[in-house]
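What's counted below: heavy atoms across the whole structure, side chains too, no hydrogens, waters or symmetry copies. Since we're looking at a predicted model, the values are computed, not measured. Along the sequence shown, residues are numbered consecutively beginning with 1. Numbering of ligands and ligand atoms starts at 1, following listing order.
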Amino acid sequence: MLFDFAAMPARERYKLLVSTVVPRPIAWIVSQDRQGHLNAAPFSFFNAFAGDPPVVGIGISSHEPGRPKDTRRNIRETGQFVVNLVSQEMAEAMNVTAIEFEPGVNELAEAGLTTATCVHVDLPRIAESPVSMECELMQIVDLGLQSGLVLGRVLAMHIRDEAVIDPAKYYIDTPGLKLIGRMHGSGWYARTSDLFEMPRIPRANWKLRGNTASAT
Ligand SMILES: Cc1cc2nc3c(=O)[nH]c(=O)nc-3n(C[C@H](O)[C@H](O)[C@H](O)COP(=O)(O)O)c2cc1C
């Protein structure tokens, strides 16, 4: 079935995107306003976009046209934020921080979370989170009146000790992080425990298998 986005209301376009682009990792962002009020909220229009420089991006919408969500406003004002990743155990606390509290409310306190220090940014990270990235704002790409894409450079990463297999080789126990992803609708999530392995195929091996189409 064809869905022509030009002929559809914005809400329905959103529904199709979030029902199909899954699972999406969740950036649980800690930011701070100019007065020093801490803020935390989850965002699943999120991914890593480059390794060099190390760049993450988050699509953050507005409460109404021209009134960006607190996280985007804070990041624009201070140029700093922390992306914490969400493990299975933290799912419910993450959901509490998504409540649209009035500006100035500390969602971390509301969710009973504790904080730990960062080294490069003047912000705390979520201590219960297995992975936290200290980020500085590179650019906010304006996506019209409703949204903005925040691009941040990762300055440092904190990873729970038990999940680091070999620090010299930077080997991480990724399944052990038990991270969750966001699925369809407003309340479905995925665990990252249903895995399969598929090594890359070197070109020579592909040809040895008798596949000749690429040789023509
Ligand atoms: C799992 C999850 C993912 C979310 N992803 C996004 C997102 O990608 N972009 C967005 O604008 N809001 C997203 N939200 C909604 C925000 O978290 C919510 O509006 C929050 O109150 C914003 O907080 P703030 O105004 O303190 O920044 C998401 C909510 C949940 C529960």
Ignoring hydrogens and geometry, is there a side-chain-to-backbone donor-acceptor pair from [X] to [Y] under 3.5 Å?
X: Arg125; Y: Met133; answer: no
X: Arg182; Y: Val18; answer: no
X: Ser61; Y: Ser147; answer: no

Does [X], backbone or side chain, put an N or O under 3.5 Å from an N or O of ligand 1?
X: Arg72; result: no
X: Ala40; result: no
X: Pro42; result: yes
X: Thr97; result: no
X: Thr71; result: yes
X: Ser61; result: yes
X: Phe45; result: yes
X: Ala98; result: yes

Nearest 0.5 Å, please: how far is [atom2] in [Y] from [atom1] in [X]?
X: Arg160; Y: Glu128; atom1: CZ; atom2: CD; result: 9.0 Å
X: Lys69; Y: Ile29; atom1: NZ; atom2: CD1; result: 11.0 Å
X: Ile159; Y: Ile172; atom1: CD1; atom2: CD1; result: 3.5 Å
X: Ile75; Y: Glu136; atom1: CD1; atom2: CD; result: 12.5 Å
X: Gln80; Y: Cys118; atom1: CD; atom2: SG; result: 9.0 Å
X: Met90; Y: Asn84; atom1: CE; atom2: CG; result: 9.5 Å

Close-contact set for ligand 1 against [X] heavy atoms, below 4.0 Å:
X: Ile60; result: 11 (O)
X: His63; result: 25 (O)
X: Ile99; result: 21 (O)

Distance to 0.1 Å, residue and atom name: give those for the protein heavy atom nearest to [atom].
atom: atom 5 (N) of ligand 1; value: Ser44 N, 2.9 Å
atom: atom 23 (O) of ligand 1; value: Ala41 CB, 3.3 Å
atom: atom 1 (C) of ligand 1; value: Tyr189 OH, 3.3 Å
atom: atom 19 (O) of ligand 1; value: Glu100 OE2, 2.6 Å
atom: atom 3 (C) of ligand 1; value: Arg182 NH1, 3.2 Å
atom: atom 25 (O) of ligand 1; value: Asp70 N, 3.0 Å
atom: atom 15 (C) of ligand 1; value: Lys69 NZ, 3.6 Å
atom: atom 9 (N) of ligand 1; value: Gly59 O, 3.0 Å

- prompt: Is there a side-chain contact between Val131 and Leu177 (heavy atoms, below 4.5 Å)?
  reply: yes

Asp70 vs Asp33 side-chain heavy atoms within contact, under 4.5 Å: no

- prompt: Phe46: heavy atom below 4.0 Å from ligand 1, yes or no?
  reply: no

task: May I ask whether Glu107 places a heavy atom under 4.0 Å from ligand 1?
output: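 Flag set, Glu107 near ligand 1.
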
message: Quick one about Glu110 and Thr97 (side-chain donor to acceptor, distance below 3.5 Å, no hydrogens or angles considered), yes or no?
response: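 There is no such pair (donor and acceptor under 3.5 Å, judged by atom type) between the side chains of Thr97 and Glu110.
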
query: Just checking, any donor-acceptor pair under 3.5 angstrom between side chains of His158 and Glu134?
result: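 There is such a pair (donor and acceptor under 3.5 Å, judged by atom type) between the side chains of His158 and Glu134.
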
- request: Run down the list Phe43, Trp188, Phe101, Trp28 and name the one with the heavy atom closest to atom 7 (C) of ligand 1.
  value: Phe43

